[in-house]
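The structure under discussion appears below in the form of structure tokens.
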2 protein chains.
Amino acid sequence: MNKSEAISGQAANETSDLSKARLRAWLQILKVSRKIEGELREKMRLEFGSTLPRFDVLAALYRERDGMRMSELSKSLMVSNGNVTGIVDRLVAEGLVVRMPVENDRRASIVKLTKAGEKDFAERALVHEGWVSDLFSDLSSGDADALIRILRNISHHNEAP
Amino acid sequence: MNKSEAISGQAANETSDLSKARLRAWLQILKVSRKIEGELREKMRLEFGSTLPRFDVLAALYRERDGMRMSELSKSLMVSNGNVTGIVDRLVAEGLVVRMPVENDRRASIVKLTKAGEKDFAERALVHEGWVSDLFSDLSSGDADALIRILRNISHHNEAP
DNA sequence: CACAAATATTTTAAGTTTGAAATATCTGTC
DNA sequence: GACAGATATTTCAAACTTAAAATATTTGTG
């Protein structure tokens, strides 16, 4: 019996209880996030005739009212560059955002909410927050704080790996 | 000032602190689940030359060794029917699963792991659990239990709505 | 200044995902 | 037994997503 077996009481190729607990935690995160995302996607489609990825881009731009570069957007949303290109294209077609040239750098462009984009998002964000609160109506204030604390730990450990 | 204003001290169209805490919790869930999914996707691609959706289907079939119907698969994975069709098509092409006719119901089919599928998945599942445990290495046993408890609450409230 | 390396973005191909329509089959009712 | 409605799955178009290749531009170095 090797050292880790002596400690854990398991054969070397078996996985620990802790490892299994973490796997269960991950599967539960995945389950909740799929369920909630599905609900929000449907509401978004039925109420706003729009999609979650577009909402996410609008939300990012609403926080940075001066606009963001494509690369800042994709980093902030944790999706690929090419992905953002398509979403922004559609938001431009809808008249909710504009692409503007960047002074002294003709490679880059700044994406910015239009007036219509600001107005639309402000309205949608309120409704969205209500949906989320309803979907999480069993989540007490204390549990919300605990959840946020635990998840932030995980986030930070996996920050920029 | 109306009753809810008197209680919350906020104008009627503002959202409550609890609502905001729930929104933050949801955004944190989303952030962690995107980050972890991205990491796992990359490892899956580099180490196994495969994808997460395929892994998910194999995992479901590994739990139900007698096989599952397409509709059972899509309900279990919480994805659409049409989605499962494509994933299973690719797994069939790889020789990891088979489609079998259902006695007395020619509309349906049972999807089942092949021997190769069982063997491949068993190996991959161990490695996968290791990856997850590493990504969650800051998650203590107690926090894992708390996380699971809180997320199950949310799941149950949104069960089949 | 030339030009290699770096950076910002778009394009592309393949895969995933959805929601709706289409197809095939089954079940209950008359 | 006919056949309307229900059920199981596939097909389809559109959108999303990634990773890699391509394009355009900037920056640093000799």
Side-chain angles (χ1 to χ4, degrees), chain A residues 30 33-58 67-94 97-111, chain B residues 30 33-58 67-94 97-111:
Chain A
L30 211 47
S33 104
R34 278 200 195 166
K35 172 63 88 178
I36 303 293
E37 246 187 298
E39 298 288 337
L40 292 177
R41 178 192 306 115
E42 184 178 9
K43 289 176 193 297
M44 205 64 79
R45 181 175 58 87
L46 296 176
E47 304 288 319
F48 300 150
S50 190
T51 67
L52 279 176
R54 290 178 209 187
F55 184 83
D56 291 343
V57 167
L58 295 179
M68 298 170 82
R69 292 182 174 216
M70 295 297 285
S71 46
E72 289 176 321
L73 263 176
S74 69
K75 173 169 289 193
S76 154
L77 302 174
M78 294 194 294
V79 300
S80 67
N81 268 338
N83 188 354
V84 176
T85 298
I87 313 283
V88 167
D89 284 350
R90 288 174 202 106
L91 288 172
V92 169
E94 293 182 79
V97 311
V98 283
R99 265 186 254 247
M100 299 183 319
V102 173
E103 195 82 1
N104 297 329
D105 191 344
R106 282 182 298 174
R107 296 169 303 180
S109 60
I110 295 274
V111 185
Chain B
L30 212 46
S33 104
R34 275 197 198 168
K35 172 63 87 177
I36 303 293
E37 245 186 299
E39 299 288 338
L40 292 177
R41 180 193 304 115
E42 185 179 9
K43 291 176 192 294
M44 205 64 80
R45 181 177 59 87
L46 297 176
E47 304 286 319
F48 300 152
S50 191
T51 66
L52 278 175
R54 291 178 208 186
F55 184 83
D56 291 344
V57 168
L58 295 179
M68 299 171 82
R69 293 183 174 215
M70 295 298 285
S71 45
E72 289 176 321
L73 263 178
S74 69
K75 173 168 290 190
S76 154
L77 302 176
M78 295 193 294
V79 299
S80 67
N81 270 337
N83 188 354
V84 176
T85 297
I87 313 284
V88 166
D89 284 350
R90 289 177 199 105
L91 288 171
V92 168
E94 294 182 77
V97 312
V98 284
R99 264 186 253 247
M100 298 183 318
V102 173
E103 195 81 0
N104 296 329
D105 191 345
R106 284 180 298 173
R107 294 169 304 179
S109 59
I110 295 274
V111 185

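Chain identifiers are assigned alphabetically (A, B, ...) following the order of the sequence lines, protein sequences preceding nucleic acid strands; residue numbering begins at 1 within each chain.
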_Tell me if a side-chain donor or acceptor on A:R99 pairs with a main-chain N or O of A:V92 at a distance below 3.5 Å._
no
*Is there side-chain contact between A:S109 and A:M70, with heavy atoms separated by less than 4.5 Å?*
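Yes, their side chains come closer than 4.5 Å.
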*Taking every non-hydrogen atom, the tightest pair across A:N81 and A:S74*: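 A:N81 and A:S74 have their closest heavy atoms at OD1-OG, 2.9 Å.
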_Heavy-atom pair with the smallest gap, counting every atom of A:E72 and A:M68_ = OE1-CA, 3.4 Å
Sugar-phosphate, base or nothing in reach of [X], heavy atoms under 4.0 Å:
X	result
A:N81	base
B:R99	sugar-phosphate
A:G86	nothing
B:S80	base

*5′-ward residue of the pair B:G38/B:V84 relative to DNA chain D*: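 Of the two residues, B:V84 wins.
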*Which residue lies more 5' along DNA chain D, comparing A:M78 with B:N83 via nearest heavy atoms*: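 This one resolves to B:N83.
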Over how many whole Å does the gap from [X] atom [atom1] to [N] atom [atom2] extend?
X	N	atom1	atom2	result
B:R90	C:dG15	CZ	P	6 Å
A:D89	C:dT10	CG	C1'	9 Å
A:K35	C:dT18	NZ	P	12 Å
B:E103	C:dT25	CD	P	16 Å
B:R54	C:dA14	CZ	P	13 Å

*Does the side chain to side chain contact (heavy atoms under 4.5 Å, CB included) test come out yes or no for B:R54 and B:I87, once each step is laid out?*
CA-CA 6 Å; B:R54 291 178 208 186; B:I87 313 284; 3.9 Å; yes
*Please lay out, stage by stage, how B:V97 and B:L58 fare under the test side chain to side chain contact (heavy atoms under 4.5 Å, CB included).*
CA-CA 8 Å; B:V97 312; B:L58 295 179; 3.9 Å; yes
*Quick one: is B:R106 getting a side-chain N or O under 4.0 Å of the C:dC26 phosphate, OP1 or OP2?*
yes
*Start with the C-alpha distance between B:R69 and B:I110, add both sets of side-chain angles, then the distance that settles side chain to side chain contact (heavy atoms under 4.5 Å, CB included), and finish with yes or no.*
CA-CA 5 Å; B:R69 293 183 174 215; B:I110 295 274; 4.0 Å; yes
*Would you sort out whether A:R90 and A:V57 count as a side chain to side chain contact (heavy atoms under 4.5 Å, CB included), showing the intermediate values?*
CA-CA 11 Å; A:R90 288 174 202 106; A:V57 167; over 6 Å; no
*Name every residue in residues 40-48 of chain B that has at least one heavy atom under 4.0 Å from any atom of DNA chain C, in order of residue number, or write none if there are no such residues.*
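Contacts with DNA chain C under 4.0 Å: none.
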*Separation between CD of A:E42 and CD of A:E47, rounded to the nearest 0.5 Å*: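 Answer for the CD-CD pair, A:E42 versus A:E47, is 10.0 Å.
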*asked:* Here's a test of your reading of the structure: between B:P53 and A:I110, which maps to the more 5' nucleotide of DNA chain C?
replied: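 Counting from the 5' end, the first nearest nucleotide belongs to A:I110.
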*If each of A:G82 and B:D105 is mapped to the nucleotide of DNA chain C with the nearest heavy atom, which maps nearer the 5' terminus, i.e. the 5' end?*
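In this pair, the answer is A:G82.
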*First and last nucleotide of DNA chain D in contact with chain A, 5' to 3', at under 4.0 Å to a heavy atom: what are they?*
D:dA15 to D:dT26
